[in-house]
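The first residue in the sequence is number 1, and the count goes up from there. Every number for a ligand or one of its atoms is a count from 1 in the order of the listing. Values reported hereafter were calculated over all heavy atoms of this structure, with side chains retained and with hydrogens, waters and symmetry mates removed.
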Amino acid sequence: MVRDLFGVELPVIQAPMAGAQLGAMAIAVSEAGGLGSLPCAMLNAEGIRKELAALKAATSKPYNVNFFCHAPPSPDEKRESAWREKLGPYYREFGIDPASIPVGPGRAPFDAAAAEVLEEFRPPVVSFHFGLPSRDLLVRVKKLGAKVIASATTVDEALWLEAHGADAIIAQGAEAGGHRSLFLTDDLTTQVGTFALLPQVVRAVKVPVIAAGGIADARGVAAALSLGAIAAQVGTAYLLCSEAMTSTVHRAALKSEAARHTALTNLFTGRPARGIINRVMRELGPLNPSAPAFPLATGAIAPLRAKAEAKGSGDFSPLWSGQNATGCRETGAAALTRHLAGV
Ligand SMILES: Cc1cc2nc3c(=O)[nH]c(=O)nc-3n(C[C@H](O)[C@H](O)[C@H](O)COP(=O)(O)O)c2cc1C
């Protein structure tokens, strides 16, 4: 039961969505009885501290703090410059000098500085994407009494997470918006839909399982529960909420016919993630083997995104969305949470 594990009333976890929301959404969801999440992949220690202080001041309900835990790649000069050459025609189109673009990681993995912040706040739930952090960091999190949850995209990953200390597994089906959490393989043929993955994971592991991917209404949540999940983790449906920081072009795409066409792409960060198909995905991808390793691809496309967005275009933006954007509602996150829970 979700109440036993997390102390929340409703079987709805608002998916952490780095870049699309911060603590305000987490507060609204937790106050409504679901489990709100604070994504930290794009925050430094000071940013995490600030958000957690505001969160703790605003709610005494349980909440989740989320981190990526990829191994940072060593920058590869040759690959970077080959990729910038591929983007060259676009840089010229927008009058961007490729030499002026800083090489930056874009997203940081969980580290000792972040663990220190968690020690100050002792969050009740901590979730991880792309596996789990190193043993010593995980022990630090567990010592705080936090429930540790992590996303699996295959049965093998679910078994790995259970064996390495996860208290619950998020079964992330291929429909899901944003980054695929796959971490034991790069083979995308292993990625299956939520209702294919969920019962297999439920059968394979002893810990509770949470369903994610394509769940966008109360019937979807109920279906996930009837297949053995204790809760549904919902992302895309929250992207039009008033608390979301979703950009104007992203909101427009989610509300348009374009949202019916999504694909996995590595062009924006270097790792496969599901988003609405746009110009750069059509022309260079959606998957391109030359893109720099995650998260280094972020830097090269950033100025194109900025220039295009300034003109009202999402041609170079990561328009993250799951396959089911029909649950997106322009409402508050609390109302959406109750709607998803059918209360
Ligand atoms: C805009 C966006 C950003 C995301 N960012 C994160 C993140 O920072 N951390 C994470 O664990 N999952 C992230 N995800 C994936 C979600 O945890 C979840 O798997 C997914 O949203 C569920 O599928 P749905 O979008 O169809 O509801 C993101 C998803 C979206 C749509």
List the closest protein heavy-atom neighbour of atom 29 (C) of ligand 1: residue, atom name, distance to the nearest 0.1 Å.
Gly177 O, 3.2 Å
Any side-chain donor-acceptor pair under 3.5 Å between Thr246 and Tyr238?
no
Would you check whether Asn324 reaches within less than 4.0 Å of ligand 1, judged by its heavy atoms?
no
For atom 17 (O) of ligand 1, what's the nearest protein heavy atom and its distance?
Gln233 NE2, 3.0 Å
Under a plain distance cut-off of 3.5 Å, with no hydrogens placed, do Asp156 and Thr154 share a side-chain donor-acceptor pair?
no
What residue and heavy atom of the protein are closest to atom 7 (C) of ligand 1, and at what distance?
Pro16 O, 3.2 Å
Which heavy atom of Thr236 sits nearest to which heavy atom of Gly322, and what is that distance?
OG1-N, 2.8 Å
Note: Ile230 and Pro208 closest approach over all heavy atoms is CD1-CB, 3.8 Å
Considering only non-hydrogen protein atoms, determine which one is nearest to atom 4 (C) of ligand 1 and report residue, atom name and distance to 0.1 Å.
Met17 CA, 3.4 Å
Short N/O distance, under 3.5 Å, between Asn66 and ligand 1?
yes
Looking only at heavy atoms, is any part of Phe68 under 4.0 Å from ligand 1, and if so is it the side chain, the backbone, or both, or is it neither?
side chain
Those atoms of ligand 1 less than 4.0 Å from some heavy atom in Gly214:
23 (O), 24 (P), 26 (O)
Count the heavy atoms of every other residue, nucleotide or ligand shown that sit under 6.0 Å from CZ of Arg260, and state whether that count exceeds 12.
no
Looking at Arg338 and Glu31, is any side-chain nitrogen of the basic one under 4.0 Å from a carboxylate oxygen of the acidic one?
no
Val234 neighbourhood, listing ligand 1 atoms whose heavy-atom distance to it stays under 4.0 Å
27 (O)
Between Ser242 and Glu330: side-chain donor-acceptor atoms closer than 3.5 Å:
no
For atom 16 (C) of ligand 1, closest protein heavy-atom neighbour:
Ala15 CB, 3.6 Å
Please determine whether any non-hydrogen atom of Ser151 lies less than 4.0 Å from an atom of ligand 1.
no
Heavy atoms from other residues, nucleotides or ligands near NZ of Lys56 exceed 12 (cutoff 6.0 Å):
yes
the protein heavy atom lying closest to atom 19 (O) of ligand 1 turns out to be Gln172 NE2, 3.1 Å
Does His129 reach ligand 1 with a nitrogen or oxygen that is under 3.5 Å from one of the ligand's nitrogen or oxygen atoms?
yes
Measure the distance from atom 25 (O) of ligand 1 to every protein heavy atom, then report the residue, atom name and distance (to 0.1 Å) of the closest one.
Thr236 OG1, 2.5 Å
Report yes or no: do Gln14 and Ser37 form a side-chain donor-acceptor pair below 3.5 Å?
no
If you measure from each non-hydrogen atom of Ala41 to ligand 1, which part falls under 4.0 Å: side chain, backbone, both or neither?
neither
Does the pair Arg279/Glu283 count as a salt bridge with the N-to-O cut at 4.0 Å?
yes
Closest to atom 27 (O) of ligand 1 among protein heavy atoms sits Gly235 N, 2.9 Å
Atoms of ligand 1 less than 4.0 Å from Gly213 heavy atoms?
22 (C), 23 (O), 26 (O)
Please could you name the atoms of ligand 1 that Ala176 approaches to less than 4.0 Å, counting only its heavy atoms?
19 (O), 20 (C), 22 (C), 23 (O), 26 (O)
Could you tell me how the ring of Phe68 sits relative to the ring of His70: parallel (under 30°), tilted (30 to 60°) or perpendicular (over 60°)?
perpendicular
Gly178 to ligand 1: N or O pair under 3.5 Å?
no
Establish, for the pair Arg271 and Phe130, whether the NZ or CZ atom is under 6.0 angstrom from the six-membered ring centre and no further than 45 degrees off its axis.
yes
